[in-house]
Every structure is written in structure tokens, then in C-alpha cells.
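Since the structure comes first, as C-alpha cells, the remarks are kept for the end.
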There are 2 protein chains.
Amino acid sequence: MPKQVDYESRRRRIAEAVCLLSDEHGPEGVTMRDVATRAEVSLGAVQRCFRNKEEMLLFAVDHVGERITERVRTRLSSSPAQSAATALGHAATEIALLRRKHRAEARVWLAFVAQAAVSEPLAAKLRISYAALQDLLARLITEASESGPADDDAATLDPQREARALLALADGLTSHVLIGHLTSEEAEDALHVHLVRLWERLPTSRPGKAV
Amino acid sequence: MPKQVDYESRRRRIAEAVCLLSDEHGPEGVTMRDVATRAEVSLGAVQRCFRNKEEMLLFAVDHVGERITERVRTRLSSSPAQSAATALGHAATEIALLRRKHRAEARVWLAFVAQAAVSEPLAAKLRISYAALQDLLARLITEASESGPADDDAATLDPQREARALLALADGLTSHVLIGHLTSEEAEDALHVHLVRLWERLPTSRPGKAV
DNA sequence: CCAGAAGCGATACGATCGTATTGAAAAAGG
DNA sequence: CCTTTTTCAATACGATCGTATCGCTTCTGG
């Protein structure tokens with residue numbers, strides 16, 4: 001066989017280029033040629049990595065999804081959760097992609113979400129990422145409510161329900177920041193308020209204050 | 001002069017076609033030719049109505065924005081607010097575009113939001129619509145909190161802050177429904193819960209139950 | 001050592017896009 | 001009634017897209 005190339009790393013490299021270009025012109029605005037140029041490979045190389053453009057975009061959205069969920073996870077394990085509540089705050093803030101550093105990632109994500117409303121295979125990929133994020137949030141909420149005193153009264157909070165709302169709020173805030181309707185400070189404030197109210201409803205005795 | 005045509009009505013007719021096609025293929029996927037066909041006019045007619053494609057898309061997004069805000073307004077005036085709280089519920093549900101009937105409108109809106117993250121003039125248009133919606137929500141929240149007993153204690157709720165969060169939540173829920181991560185029932189439930197908790201914080205004596 | 005499979009960059013091709021242009025039809029003014 | 005101006009539909013044009021194809025290089029298995 002001929003020169004062996006690491007296809008996996010090349011695909012990732014191309015996915016990075018797709019993200020950079022999607023950030024600039026939207027995912028539909030990226031061309032195979034631009035991707036090749038940005039990834040510093042030939043057009044033919046891109047074609048050999050992916051059968052067609054759609055496959056390339058699908059791979060890229062998977063790539064972004066993994067990066068985001070992974071970053072949330074590392075953020076959680078790095079600050080080893082003084083309390084589940086603060087961990088939840090970190091996770092939510094991370095998901096909202098509010099930091100200016102991650103503005104590009106947020107734009108890419110939003111662009112793919114919009115595209116997914118029209119492309120079912122893309123939507124399927126996104127659902128996987130969203131389900132993972134929601135489960136993660138729900139788990140944190142569960143931990144947070146269990147870390148409190150024994151919850152004597154019956155059902156206090158439905159973690160999945162709370163996670164759904166939190167995830168939707170984070171996503172909505174992110175898009176509003178992206179189009180300039182909100183400043184990132186306003187968005188962060190809204191997220192903060194939401195979390196504080198969530199904690200107030202936890203059966204925990206001490207009214208947590210950390211964020 | 002030659003045959004006089006009503007340009008304004010034609011522009012609206014074309015905008016409708018743009019919406020229909022954006023719902024199917026995304027706003028970037030619409031072509032001038034398809035728009036002309038769908039609007040049952042010639043390509044030349046479309047060109048005479050709008051200098052170029054971008055102008056056409058901008059007009060279309062304005063059109064959708066007006067339709068949405070107007071529908072929210074009429075919904076409010078039609079059910080003459082037994083209480084400001086129920087009016088707020090109606091408004092939020094309407095904004096979230098959760099009804100299947102308005103799924104297309106929601107898709108169009110989401111598509112334009114994503115596009116706006118890349119196109120500043122489009123973002124400017126969207127900001128206007130969002131500001132109008134947020135103000136409307138804030139006004140309703142204000143009314144709702146004033147309808148209660150004299151709020152003796154100081155600041156109880158910041159209407160603009162609550163409106164921001166509510167709007168973001170509605171938007172996030174809508175997009176999650178669109179990509180199939182949530183059912184419209186789950187989204188409606190999340191919105192409902194959020195509103196109930198909002199009312200619990202109102203200085204109103206009677207813990208309102210209507211939605 | 002060498003035949004051949006696999007990877008490579010470059011180019012070609014057909015389709016489709018937005019926009020420009022063209023010539024005929026139509027309505028108002030003199 | 002005829003000129004003039006506006007509108008119309010249709011076609012032309014250049015650019016750009018995704019994809020297919022084609023030699024040439026490069027490395028491995030026998």
C-alpha cells in the first residue's frame with residue numbers, strides 16, 4: 001500500500017476549518033474550496049475524506065458538539081465541585097458559551113441548529129448532543145438536591161424538567177447575545193438569577209450563595 | 001405612464017413566498033427564481049421590486065417580525081386580560097410559536113436569527129423586533145405586579161430583567177422543539193412552570209393559578 | 001526489485017446562482 | 001394618433017458551486 005495518512009486527524013483538521021468558515025459565513029456559505037484552503041490541504045484531499053459536502057458538515061457538527069460537551073465535563077472535573085450547586089452554575093455558564101472566547105463556537109452552533117430545522121440528519125446529530133447536555137445538567141441538579149438534608153417532603157424538583165428549562169434558557173440567551181440584543185453581562189445576569197431561584201427551591205437547609 | 005402596479009402589495013406577496021421557501025430550505029437556500037415562481041410573478045418582477053437578494057431577505061424578515069408582534073398584540077387585545085398575569089401567559093405562548101400552525105413561522109425566524117449572527121444589517125432588523133417583544137413583555141409584567149396590592153416592600157421584580165429571561169426561554173424552547181429535542185408539550189410545560197414561579201414572586205396576595 | 005495499489009494535486013464539467021440586458025407590450029400625454 | 005416612458009418577461013452572462021476525472025507520485029507486498 002502507498003503512503004499511509006492519518007485520516008482521522010485530517011478529518012478533524014478539516015472540521016476545524018469548517019468551523020472557522022461557518023463562523024464567518026454560516027455553514028451554507030462554506031465551500032469545499034475554501035475549506036481546503038483554510039485546512040491547508042488540496043480540494044482533492046477534502047473530497048477523499050468525505051464523500052460529499054453534507055457528510056463533511058455532519059462530521060463538523062459532531063466535532064463541535066463533542067468539544068462543547070467535553071469542555072463542560074472538564075470544567076466540572078477541574079473545579080471539583082465545592083458543591084453541586086456551584087458545579088451546576090459552572091456547567092450552565094459554559095453551555096451558554098457566553099465568554100467572548102467562545103463566541104465563534106456559539107455562532108457555529110446556532111448556525112447548525114438553524115440548519116437542522118431543515119435537515120433531518122443534522123437534527124439527529126444535534127439531538128444527541130442536546131440529550132447529553134440535558135442529562136448532565138439533570139444529574140447535577142439531582143446531586144445538588146441530594147446534597148441537602150434528607151428531603152422529607154415528597155417530590156421537590158423534577159431534575160429533567162429543570163434541566164430542560166435551564167438548557168433552553170442558556171441557548172436562548174446565547175442567541176440573543178449573538179445578534180446583539182443582549183450584552184453578555186445581561187445574559188449572565190439572567191442565568192444567574194435563574195440559578196439562584198432554582199437553589200431557593202432546593203430542600204437544602206442553607207440558602208447557598210455561591211455561584 | 002404605463003400600467004400602474006401596487007408595488008407594496010407585490011413586495012408583501014414576494015415576502016410570503018420567501019417565507020414559504022425559507023421554511024423549506026433555509027433563507028440561504030432560497031433563489032430568486034424559486035421566489036418568483038412561488039409568488040407567481042416573473043423573475044424580472046422580483047428584480048424590479050428589490051435591488052438585490054439581500055434587500056429582499058431584509059424585507060422578508062421585517063415582514064415576519066411584524067406579523068409575529070402583531071399577532072401577539074391582537075391576541076392580547078382579543079382576550080381582554082381577565083388579569084395581566086393570564087395576558088402574560090398568552091403573550092409568552094404566542095411568542096414561543098409553539099402551536100403547530102406556526103411551526104413554519106418559527107423555522108423562518110430561527111433561520112433568520114442564525115443568519116443574523118453573520119449579517120449585521122439583518123441583526124439590526126431582528127434587534128428591533130426583539131426589543132419590541134421584550135418591551136411588550138416587560139409592560140405586561142409591570143401591569144401584573146401593579147394589579148396586586150400596593151407593593152409595600154421595595155423593588156420586588158425588575159420587569160425588564162424578567163422579560164429578558166422570559167423571551168430568551170421562549171426562544172430557546174422554540175428552537176429545541178424545532179430540532180425535535182423537545183416535544184411542544186414539554187416546551188409548553190417548561191414555559192408554564194416558569195410563569196407560575198414568576199407569579200409566585202409577584203406581590204399579589206392571591207397566589208394566581210390561571211394560565 | 002518491481003509491479004501495482006493508494007494518495008495526491010490539478011483540472012474539467014455540468015448545473016445553478018445573482019444580476020444585467022434586451023426587445024416587445026402597454027398606458028399616459030401632446 | 002403617435003410618441004414617450006414605464007413595465008414586463010425572457011434571455012444572456014459571468015461567476016461559482018459540488019463533483020468527477022485524470023495523470024503523476026509514492027510507498028508497500030511479494
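Chain naming here is simple, since letters A, B, ... match the order of the sequence lines and numbering starts at 1 in each.
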**Atom-pair distance (NE2 on A:His25; P on D:dT16), nearest Å** = 13 Å

**Message:** Mind checking if B:Tyr7 touches a base, just sugar-phosphate, or nothing, with heavy atoms under 4.0 Å?
**Reply:** sugar-phosphate

**Asked** Whole Å only: how far is the CZ atom of B:Phe50 from the P atom of C:dG18?
**Response** 14 Å

**Item:** Contact list for residues 19-58 of chain B, test ring-ring contact (aromatic ring centres under 6.0 Å, His included), sequence neighbours left out
**Value:** B:Phe50-B:Phe59

**Item:** Backbone N/O of B:Arg51 and side chain of B:Glu55: donor-acceptor pair under 3.5 Å
**Value:** yes

**Asked** Please give, in whole Å, the distance from D:dC13 P to B:Arg33 CZ?
**Response** 14 Å

**Prompt:** Quick one: B:Asp34 CG to C:dT19 P, roughly how many Å, whole number?
**Reply:** 15 Å

**Request:** Heavy atoms only: give me the nearest A:Ala91-A:Leu140 pair and the separation to one decimal.
**Result:** CB-CD1, 3.7 Å

**Message:** Can you measure B:Ile14 atom CD1 to C:dG18 atom P for me and round it to whole angstrom units?
**Reply:** 14 Å

**Message:** Tell me the interatomic distance from A:Met56, atom CE, to D:dC17, atom P, rounded to whole angstroms.
**Reply:** 12 Å

**Asked** Atom CE of B:Met32 to atom P of C:dC17: distance rounded to whole Å?
**Response** 12 Å

**Prompt:** Atom CG of B:Asn52 to atom P of C:dA20: distance rounded to whole Å?
**Reply:** 9 Å

**Request:** Report the residue from A:Leu43, A:Leu21, A:Leu57 that forms a side chain to side chain contact (heavy atoms under 4.5 Å, CB included) with A:Val35.
**Result:** A:Leu21

**Request:** Using heavy atoms and a sub-4.0 Å distance, could you list which residues of residues 38-48 of chain B are near DNA chain C? By number, please.
**Result:** B:Leu43, B:Gln47

**Request:** For A:Arg51, report the nucleic acid contact type (base, sugar-phosphate, nothing); a contact means any heavy atom under 4.0 Å.
**Result:** nothing

**Prompt:** For the side chain of A:Arg10 and the backbone of A:Cys49, is there at least one donor-acceptor N/O pair under 3.5 Å apart?
**Reply:** no

**Request:** Return yes if some donor-acceptor pair links the side-chain N/O of A:Ser119 with the main-chain N/O of A:Gln115 below 3.5 Å, else return no.
**Result:** no

